[in-house]
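Bear in mind that the values here come from a model prediction, so they are computed numbers and not experimental data. Letters A, B, ... are given to chains in the order of the sequence lines, protein chains preceding strands, and every chain is numbered from 1.
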Amino acid sequence: GAGVSQSPSNKVTEKGKDVELRCDPISGHTALYWYRQSLGQGLEFLIYFQGNSAPDKSGLPSDRFSAERTGGSVSTLTIQRTQQEDSAVYLCASSFRTGADTQYFGPGTRLTVL
Amino acid sequence: AQRVTQPEKLLSVFKGAPVELKCNYSYSGSPELFWYVQYSRQRLQLLLRHISRESIKGFTADLNKGETSFHLKKPFAQEEDSAMYYCALHSGSARQLTFGSGTQLTVLP
């Protein structure tokens with residue numbers, strides 16, 4: 001079946017603009033994760049959704065970042081008033097149930113803030 | 001809080017040489033450890049997990065609770081092993097994985 005998909009694949013924006021990144025998880029996976037991959041910084045956890053539970057937002061770097069997951073499926077990560085330091089690859093992953101289950105990653109969205 | 005440390009950002013070895021990618025973790029309980037790999041222009045994917053005790057693509061990793069380590073090893077590196085490798089930890093109290101900063105492995109011909 002189809003894997004995790006993300007859109008857009010590339011996004012170039014100007015400092016101060018808002019951006020929305022989309023993630024379509026694997027059907028049937030109840031857990032969904034957002035990560036940020038920066039050069040030299042590795043993989044930084046942002047937010048985790050599990051079923052109908054309240055999301056774990058502990059990794060969001062500032063209140064400019066938010067995410068939602070509608071209908072337990074598609075998720076959108078929104079960055080308001082983008083800054084140059086937000087430039088990175090944003091990865092989405094899904095797993096069957098928990099963080100201990102194999103996570104399947106999407107191809108990522110490369111965000112460039114000019 | 002749990003933490004994963006990969007001390008080497010870059011590692012180069014020659015084809016046919018042994019390779020070891022280091023991973024240390026801090027967690028007081030019983031963790032689950034994983035290695036994820038990202039080949040060039042491919043998605044990040046699971047390589048192996050310690051509870052499976054299996055060898056994938058010739059790689060093995062043993063959890064050493066005394067040294068809190070989970071080093072990834074392969075006796076004879078191949079050029080196709082060149083990739084970014086991430087060590088990750090899952091603890092019972094967390095709902096997500098904690099990843100290390102990654103090691104870029106280059107296998108030279």
Side-chain angles (χ1 to χ4, degrees), chain A residues 2-7 9-10 23-26 29-60 67 69 75 88-110, chain B residues 1-11 21-25 27 29-52 54 56 61 63 70 72 83-105:
Chain A
V4 177
S5 60
Q6 292 184 246
S7 61
S9 56
N10 280 285
C23 172
D24 280 272
I26 291 173
H29 281 190
T30 60
L32 186 148
Y33 316 79
W34 282 98
Y35 297 92
R36 181 165 66 176
Q37 187 177 36
S38 307
L39 195 62
Q41 298 296 318
L43 214 57
E44 177 188 5
F45 164 75
L46 297 177
I47 188 168
Y48 163 73
F49 295 91
Q50 190 350 285
N52 295 320
S53 302
D56 177 352
K57 304 178 182 180
S58 60
L60 294 178
R69 187 179 186 189
S75 177
V89 176
Y90 289 82
L91 294 175
C92 175
S94 70
S95 69
F96 180 63
R97 203 165 41 89
T98 73
D101 298 320
T102 300
Q103 294 193 20
Y104 295 86
F105 285 81
T109 293
R110 181 175 297 276
Chain B
Q2 55 269 20
R3 186 168 184 166
V4 177
T5 302
Q6 293 180 250
E8 304 140 328
K9 287 194 173 181
L10 302 172
L11 181 63
L21 291 85
K22 290 183 168 46
C23 172
N24 288 89
Y25 66 90
Y27 178 63
S30 293
E32 293 182 70
L33 276 297
F34 307 79
W35 277 98
Y36 278 77
V37 62
Q38 187 169 28
Y39 301 101
S40 180
R41 290 184 290 277
Q42 293 189 27
R43 303 180 183 205
L44 191 61
Q45 60 187 290
L46 177 68
L47 179 63
L48 55 79
R49 53 201 303 161
H50 90 270
I51 60 173
S52 300
E54 57 192 346
I56 304 294
L63 178 60
F70 187 57
L72 183 68
M84 176 68 86
Y85 291 81
Y86 292 96
C87 182
L89 175 153
H90 180 264
S91 63
S93 60
R95 294 186 286 172
Q96 78 283 355
L97 288 180
T98 300
F99 283 86
S101 55
T103 296
Q104 179 68 50
L105 172 67

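Considering A/Y48, A/Y33, A/Y35 as possible partners of B/L97, the one that fulfils the side-chain contact (heavy atoms from CB on, under 4.5 Å) test is A/Y35.
Neither the backbone nor the side chain of A/E44 has a heavy atom closer than 4.5 Å to any heavy atom of chain B. In this structure, chain B has no heavy atom under 4.5 Å from any part of A/S95. With a 4.5 Å cut-off on non-hydrogen atoms, A/Y104 does not touch chain B at all. Heavy atoms closer than 4.5 Å to chain A are found in the side chain of B/R49, but not in its backbone.
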Between B/Y86 and A/Q37, is a side chain to side chain contact (heavy atoms under 4.5 Å, CB included) present by the stated rule, with each step listed? CA-CA 12 Å; B/Y86 292 96; A/Q37 187 177 36; 2.8 Å; yes

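Here B/Q38 contributes atom CD and A/L91 contributes atom CG; the two are 6.5 Å apart, rounded to the nearest 0.5 Å. We find the CE-CG distance between B/M84 and A/L43 to be 10.0 Å, quoted to the nearest 0.5 Å. To the nearest 0.5 Å, atom CZ of residue B/F34 and atom OG1 of residue A/T102 are 7.0 Å apart.
In terms of modelled atom types and a separation under 3.5 Å, the side chain of B/R43 and the main chain of A/V4 share a donor-acceptor contact.
More than 12 heavy atoms of other residues, nucleotides or ligands shown are found within 6.0 angstrom of OH on B/Y39.
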